[in-house]
Amino acid sequence: MRFIKCILYRCICLNVASLPWLSLLCAQHVKHCMLDVSGYAIKRLLMADLHPIAIFVKPTSVEQIRNQNRRITDEAAHKSLDKCQRIEEEFKDSLTAIIEGEMTHDELLRQVMKVISIHGNQRSWLTASPPPPASPAATGR
């Protein structure tokens with residue numbers, strides 16, 4: 001079973017134990033769940049016929065990273081920016097939107113909410129039966 005921490009926006013914080021539970025939770029409450037997950041987790045959600053609104057918040061410069069965290073060294077900030085560029089390149093096909101640029105937390109929240117409002121009401125065609133279990137090779141076990 002895969003564990004995902006799930007936070008309902010302006011509601012309660014829940015721990016969701018599995019992808020089927022996440023699917024059931026979203027269907028019953030007709031809400032969006034905000035998840036802080038890796039690119040690989042986004043791909044797992046897609047494989048499970050859950051179609052996330054995947055938003056990547058990307059820093060644009062080392063200075064922006066340093067402004068967010070004054071304790072970080074220049075070297076660590078460069079590594080962080082390089083990692084963000086690699087993540088974007090590797091998972092860009094799974095992302096709904098990329099938000100970047102210098103902005104306040106309130107401006108960032110407005111941008112995230114704008115993306116959710118645009119993509120949140122789109123219908124997705126889902127299969128009637130659950131997908132077949134992944135092979136051990138596909139899951140990395």
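Quick note: residue numbers are just sequence positions, from 1.
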State whether the side chain of Gln64 and the backbone N or O of Gly101 hold a donor-acceptor pair below 3.5 Å, judged by distance alone.
yes

Whether Glu75 and Lys79 form a salt bridge (side-chain N of Lys/Arg under 4.0 Å from carboxylate O of Asp/Glu) is what I want to check.
yes

Is the closest side-chain heavy-atom distance between Arg66 and Asp74 below 4.5 Å?
yes

Has Glu107 got a side-chain atom pairing as donor or acceptor with Thr104's backbone, closer than 3.5 angstrom?
yes

Starting from the C-alpha separation in whole Å, work towards a yes-or-no answer on side-chain contact (heavy atoms from CB on, under 4.5 Å) for Asp106 and Met103.
CA-CA 8 Å; Asp106 287 340; Met103 61 185 76; over 6 Å; no

Pro59 and Ile65: which non-hydrogen atoms are nearest, and at how many Å?
CB-CG1, 3.7 Å

Any chance you could measure Ile55, atom CD1, to Ile53, atom CD1, to the nearest 0.5 Å?
6.5 Å

Side chain proximity check, His105 to Gln68, heavy atoms < 4.5 angstrom:
yes

From NZ (Lys43) to CG (Leu46), nearest 0.5 Å
8.5 Å

For Phe91 and Ser38, what are the C-alpha separation, side-chain angles and deciding distance, and is it a side-chain contact (heavy atoms from CB on, under 4.5 Å)?
CA-CA 10 Å; Phe91 297 105; Ser38 70; over 6 Å; no

If you measure from CE on Met47 to CZ on Arg44, what distance do you get to the nearest 0.5 Å?
8.5 Å

Leu95 and Tyr40: same hydrophobic cluster, using ILVMFWY side-chain contacts below 4.5 Å?
yes

Closest non-hydrogen contact found for Pro52 with Thr96 is O-OG1, 3.6 Å

CD of Glu102 to OG of Ser61, rounded to nearest 0.5 Å, is 5.5 Å

About how many Å separate NZ of Lys92 and CD1 of Ile98, when rounded to the nearest 0.5 Å?
8.5 Å

From Ile42 CD1 over to Asp93 CG, what is the distance, rounded to the nearest 0.5 angstrom?
12.0 Å

Could you give the side-chain donor-acceptor pairs of residues 109-117 under 3.5 Å, partners two or more places apart or in another chain?
from, atom 1, to, atom 2, distance (Å)
Ser117, OG, Met113, O, 3.4
Ser117, OG, Lys114, O, 2.8

